[in-house]
Amino acid sequence: MYFCFSFYHSLIGKKMEYNFSEIEKKWQQTWRETKIYKTDVDFSKPKYYVLDMFPYPSGAGLHVGHPLGYIASDIYARFKRQKGYNVLHPMGYDAFGLPAEQYAIQTGQHPAITTLKNADRYREQLDRLGFSFDWDREFKTSDPNYYKWTQWVFSQLFHHYYCKNDEKAKPISLLEEYFSLHGTNNINVAETTSLQFTADEWNKYSEEDKQNILLNYRLAYIAETWVNWCSDLGCVLANDEVVNCLSVRGGFPVERKRMKQWILRVSAYADRLLEGLNRVDWNDSIKEIQRNWIGRSEGAFIQFELKNSKESLDIFTTRPDTIFGVSFMVLCPEHPLINQITTAEQRKSVNEYICKALNRSETDRQTDVKKISGVFTGGYAIHPFTKQEIPIWIAEYVLAGYGTGAIMAVPAHDSRDYAFAKFYQLPIQEVISGGDISKEAFETKDGICVNSDFINGMQAKEGASIVIKRISEMGIGYKTINYRLRDAIFSRQRYWGEPFPIYYKNELPYTLPDEELPLLLPQVDKFLPTENGEPPLGRAENWQTKEGYPLEKCTMPGFAGSSGYYLRYMDPHNDQEFISKKANQYWENVDLYVGGSEHATGHLIYARFWNKFLFDIGICCKDEPFKKLINQGMIQGRSNFVYRIVGENTFVSYGLKEQYQVSPIHVDINLVRHDVLDIEKFKEWQPEFAEAEFILENGKYICGWEIEKMSKSKYNVQNPDDLVEKYGADTLRMYEMFLGPIELAKPWDTNGIEGVHRFLKKFWKLFHQNQESRFELSDELPSPEELKILHKTIKKIEEDNERFAFNTAVSAFMICTNELLDIQCNKRQILEPLMILLSAYAPHICEELWQFSGHNESIITAPYPVFNEQFVLENSYKYPVSFNGKTRFQKEFSLQLTPKEIEDLILNDNDVKKWLDGKSPKKIIIVPKKIVNIVI
RNA sequence: GCGGAUGUGGCGUAAUUGGUAGCCGCGCUAGACUUAGGAUCUAGUGCCGAGAGGCGUAGGAGUUCGAGUCUCCUCAUCCGCACCA
């Protein structure tokens, strides 16, 4: 409750303009002071959880593109609250990360200070937009009492393995117990490499051996692998942090390097991550991106014997049906068997090739993918069925990180093998009929096996399963599923991240006890690597446990803190557990998640993995974190241009530029209105333009325009603060929604905002419809016409909100306001419900008018108005009358009439007779309440 | 190359199940009020045509009484993946 007595009577007679800045300031302050958006568990109400993707508070602050999603989710959150839900709508900051640290390196300022400053700036900007966040739940990932739980989850990952029989994570102690009883016999678990030992052997292993072996199974493990090394950032990056061999943050080159790193066994969850996509309400494109990223393919592992060696060569293929078409084998340049296979004669050229391949940057390797290169090892594998010798080659087109890093090449039925075989003139043997292998590889899986011994004449699919059966019987292979999804590298050689709760004893990792969490990020003198190349934490004094064991020097990556944050919002101040059972059982998971599609392969995979793990160990009750996902489209910039005559300081207006030789120059959009340049401001803008001359058309300088990315260098950035100042937050909120469908990318056109601002002024005017602009509501009973306008709007807004069509909802508000203004309606019974509808979109103006109307409680406590069909029922309909599908005119008919009755009336109608022009209609189609179509 | 999306006036867009294409807003044109207008209000505004009328949803074909909407082909733009065996 905001005030003890009603303002209503004191307002009568007072002249009021729509003073948005005063209104917005007043209500933002009131909402903050009364904590009106504070939420708590309330089992008497249904819950609804609306979440925005965790923002990283960058120094640049918000531009108009950022709030788009926040506005949409805020409208929906407010709408759900009106519909009786208990809505959780939190906000906080993904505060660890590279930009603050890079800034720290340059300036020496501690990243915590920068982060705090940036977050405050964000908060200020967000507050100005009137969001309904429950700020009591706010946290930053860099808060020790938040990252305590990030560290805790990591410890849990360390202490669990993935059981494939039960398809879930289980305590590693169970695995140890199993090993002591059965060794690796019959285990079916996610593992780095396939190990074999007996119970006896296990029991005799030393503590170190055991710990080393367990790393092969832990969900958070340490291993030496090929990593994406970014030397400019001085750290390793995950696959999703690298695009086209450049780091996503900063665009620095990335190379491959072999390093010992912490890794999360995300791949253990590949199948569940894929399956879960069928149960979430996300758009198809993002699900497809995730499916591709996970990249499931069914096939077989097959072992080929090697000539002159006891070792064998493992390959993965999706086409076991083509095994009789193998004409060579290919290994990736990193393959461990190369040394052994290579013959003396070939050693020199092999070494040269490998050296070249491995030293080539990943960028180079990827950019000339088309260029075929390879080298023969001199070694041979033995075909498992024909026993023929198959030459073994090395080529870059086989990747180390996928499958086994080795393939059986079947050039007749794989285009890459085909190109390679053609280039090196290797044999191409057709084993699936139906194509023309003299021209290209025949890759379809539908065809009949030929030249293939025991599978001749079979359908390819059948042939594949027979081959798999044979190799299984022979003990040289098995059916398997391979994923493109790799385990996630989890170490960063950086300062500004969560320290690992890990110490080393005899160089083996152990977790700190939970009671010692959080392990605080230590102070360092510089945020740079140490002289001997260790990560910045190597600079910290006493970076060791009480007992003197050294602590891990890497920190966690950005996605560590953002992977479970939505759960923590449910119970943010709990310092006893990650989240209480009660809070989790009530809030369950996120009902609506709004954010950009750029997180499709990173955050949205990691968060789902994290959640599934926490689900497995009983921390959360739902195995998918985000039920519905909406990706807001990007807001593009609309740049303006002036055209300077080449070599002169004279500018030609857009329409005349063809007559001169001109070069276009970006001009600040703030100097332009409706594409007309403010010449005086332009002259002041930059010294070089002070003396500029202009060639005008109709006395104006018209600028050209183009849609581009919003960026400072293009002078097309819109700052929301400026717009809030000029038009108010309510206008900005509604205009962002009015631009178009939330999911579409669309250009930001500053000009259009005035239309929405005009609408709000008109809405204000509805309440001030008298000569003196006094606030005035009539308590007269509304007319049927007024009720109809209101109720069709109630229905429309509700439907539009439910389908996230906020653009059409804004237009419906405009239509409704125009109609009510036309009939000069200022009846309380009409305008009060309308205020409630609009309050989700424009909360400030509605709260103000609500107070004026005599309400003592905030409008957010008002329930959504109930739609009553009675008021919108029609008893007649204006039928469009069309001839051969072309509408000619309209005729009104009672809805009581049957089609037959309408037909009779139609045939006797003079307008119809005119159009029939004496002909008789072949057919008359009458669809009640839709159309009349006369076929001639 | 593969996958996903999008294509409608000068511009952003609307048309929820196949049923009046262009709602709403911007811009533009004319007018009113005004010392003034980057304020407000009124009227008009898809294109061609004096008009009757014709043509129009990227282009082409098809299904249908009727297609922006469904089917097939082509083109353009954007996004994602890219030697994934």
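Predicted, not measured: the structure shown is a model, and the values here were computed from it. Lettering follows sequence order; numbering is per chain, from 1. All values below come from the heavy atoms of this structure, side chains included, with hydrogens, waters and symmetry mates left out.
Between the side chain of A/Asn933 and the base of B/C65, at least one donor-acceptor pair of N or O atoms lies under 3.5 Å.
The side chain of A/Thr808 has B/A15 as its nearest neighbour among B/C11, B/A15, B/U20. Distance from the side chain of A/Asn751 is smallest to B/C26 among B/C26, B/A85, B/G12. Of the listed nucleotides (B/G25, B/A14, B/U20), B/A14 has the atom at the smallest distance from the side chain of A/Pro741. Comparing B/C24, B/U20, B/G38 against the side chain of A/Ser811 picks out B/C24 as the nearest. Checked against B/G80, B/A39, B/A85, the side chain of A/Asn292 finds its nearest nucleotide in B/G80. Counting only heavy atoms from C-beta on, A/Leu399 has its side chain closest to B/A85 among B/A85, B/G80, B/U20. When the nucleotides B/C41, B/G12, B/C83 are ranked by their closest atom to the side chain of A/Lys762, B/C41 comes out on top.
Counted by atom type alone, A/Ser327 and A/Gln429 present zero donor-acceptor pairs between their side chains at under 3.5 Å. No side-chain N or O of A/Glu241 forms a donor-acceptor pair with one of A/Asn228 less than 3.5 Å apart. One side chain, A/Tyr727 or A/Glu754, offers a donor N or O that lies under 3.5 Å from an acceptor on the other. No hydrogens or angles considered: nothing links the side chains of A/Ser297 and A/Asn482 as a donor-acceptor pair under 3.5 Å.
Here A/Asn807 reaches the OP1 or OP2 of B/A14: one of its side-chain N or O atoms lies under 4.0 Å away. Not one side-chain nitrogen or oxygen of A/Thr404 sits closer than 4.0 Å to the OP1 or OP2 atom of B/A85. Of the side-chain N and O atoms in A/Ser285, none sit less than 4.0 angstrom from OP1 or OP2 of B/G3. Between A/Arg888 and B/G54, a side-chain N or O to OP1/OP2 separation shorter than 4.0 Å is present. A close approach under 4.0 Å does not occur between any side-chain nitrogen or oxygen of A/Lys746 and OP1 or OP2 of B/G12. Residue A/Lys886 places none of its side-chain N or O atoms closer than 4.0 Å to OP1 or OP2 of B/G66.
Base orientation of B/G38: anti (glycosidic angle beyond 90° from 0).
Rounded to whole Å, the P atom of B/G68 lies 14 Å from the corresponding atom of B/C55. B/U64 and B/G12: their P atoms are spaced 36 Å apart (whole Å). For the C1' atoms, the distance from B/G27 to B/G19 is 32 Å, rounded to whole Å. Comparing B/A21 with B/G56, their C1' atoms sit 9 Å apart, to the nearest whole Å. A distance of about 22 Å separates the C1' atoms of B/C26 and B/A32, rounded to the whole Å. Across B/G25 and B/A43, the matching P atoms stand 12 Å from one another, rounded to whole Å. Across B/G4 and B/A85, the matching C1' atoms stand 24 Å from one another, rounded to whole Å. Here, B/U20 and B/G66 have their C1' atoms 12 Å apart, quoted to the whole Å.
Nucleic acid contact for A/Lys761: sugar-phosphate only, since backbone atoms but no base atoms lie under 4.0 Å from a heavy atom of the residue. Looking at heavy-atom distances under 4.0 Å, A/Val935 makes contact with sugar-phosphate atoms alone, never a base. Backbone-only contact: A/Ser297 has heavy atoms under 4.0 Å from sugar-phosphate atoms and none from a base. Here A/Glu799 lies in heavy-atom contact (under 4.0 Å) with a base. As judged by a 4.0 angstrom heavy-atom cut-off over every strand, A/Lys287 is placed among residues making no nucleic acid contact. Residue A/Ile925 is classed as a base contact, given a heavy-atom separation below 4.0 Å to a base. Among the protein residues, A/Asn818 comes within range of the sugar-phosphate backbone only, with heavy atoms under 4.0 Å from sugar or phosphate atoms but none that close to a base. A/Lys765 comes within 4.0 angstrom of nothing in the nucleic acid, heavy atoms only.
B/G80 is paired with B/C2 under the criterion used here, namely a Watson-Crick or G-U wobble arrangement in which both key atom distances are under 3.5 Å. In this structure, B/U20 makes no Watson-Crick or G-U wobble pair, since no nucleotide meets both defining distances under 3.5 angstrom. Here B/G68 sits opposite no nucleotide as a Watson-Crick or G-U wobble pair (both hydrogen-bonding atom distances under 3.5 Å). B/G51 makes up no base pair with any nucleotide shown, lacking Watson-Crick or G-U wobble contacts both under 3.5 Å. B/U45 is paired with B/G27 under the criterion used here, namely a Watson-Crick or G-U wobble arrangement in which both key atom distances are under 3.5 Å. If you check B/G7 for Watson-Crick or wobble pairing at under 3.5 angstrom, you find it paired to B/C75. The partner of B/A39, taking Watson-Crick or G-U wobble pairs whose two distances both stay under 3.5 Å, does not exist in any strand shown.
Distance A/Arg484 CZ to B/G80 C1': 10 Å, rounded to the nearest Å. Protein atom CG of A/Asn283 is 14 Å distant from nucleotide atom P of B/G80, rounded to whole Å. Taking atom CD of A/Glu288 as the reference point, atom P of B/G80 lies 15 Å away to the nearest angstrom. In this structure, the CG atom of A/Asp800 is 12 Å from the C1' atom of B/C24, given to the nearest Å. One interatomic measurement links the two molecules: CD1 of A/Ile669 to P of B/C11, which rounds to 20 Å at whole-angstrom precision. Computed from coordinates, the A/Ile286 CD1 to B/G4 C1' distance equals 11 Å when rounded to whole Å. The distance from atom NE2 of A/His674 to atom C1' of B/G12 is 14 Å, rounded to the nearest whole Å. When the P atom of B/C41 is taken as reference, atom CZ of A/Arg758 falls 8 Å away, rounded to whole Å.
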Report the C-alpha separation of A/Phe759 and A/Val810 in whole Å, then their side-chain angles, then the decisive distance to 0.1 Å, and conclude whether the side-chain contact (heavy atoms from CB on, under 4.5 Å) test is met.
CA-CA 10 Å; A/Phe759 154 73; A/Val810 175; 5.6 Å; no
Check your understanding: When you look at A/Glu743 and A/Asn283, which way does the side-chain hydrogen bond (donor to acceptor under 3.5 Å, both in side chains) test go after all the steps?
Key -> CA-CA 10 Å; A/Glu743 305 215 55; A/Asn283 71 53; 3.3 Å; yes
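Here the options are A/Glu869, A/Glu874, A/Glu819, the test is salt bridge (Lys or Arg N to Asp or Glu O under 4.0 Å), and the partner is A/Lys792; only A/Glu819 passes.
No donor-acceptor pair under 3.5 Å is formed between the side chain of A/His383 and the backbone N or O of A/Val326.
Both A/Tyr879 and A/Ala745 lie close to RNA chain B; mapped to their nearest nucleotides by heavy-atom distance, the more 5′-ward contact belongs to A/Ala745. Of the two residues contacting RNA chain B, namely A/Trp293 and A/Ile407, the nearest-nucleotide position lying further toward the 5' end is that of A/Trp293.
Taking the six-membered ring for Trp and thresholds of 30 and 60 degrees, A/Phe806 and A/Tyr76 have ring planes more than 60 degrees apart, a perpendicular arrangement.
Counting heavy atoms of neighbouring residues, nucleotides and ligands inside a 6.0 Å radius, atom CD of A/Gln890 exceeds 12 of them.
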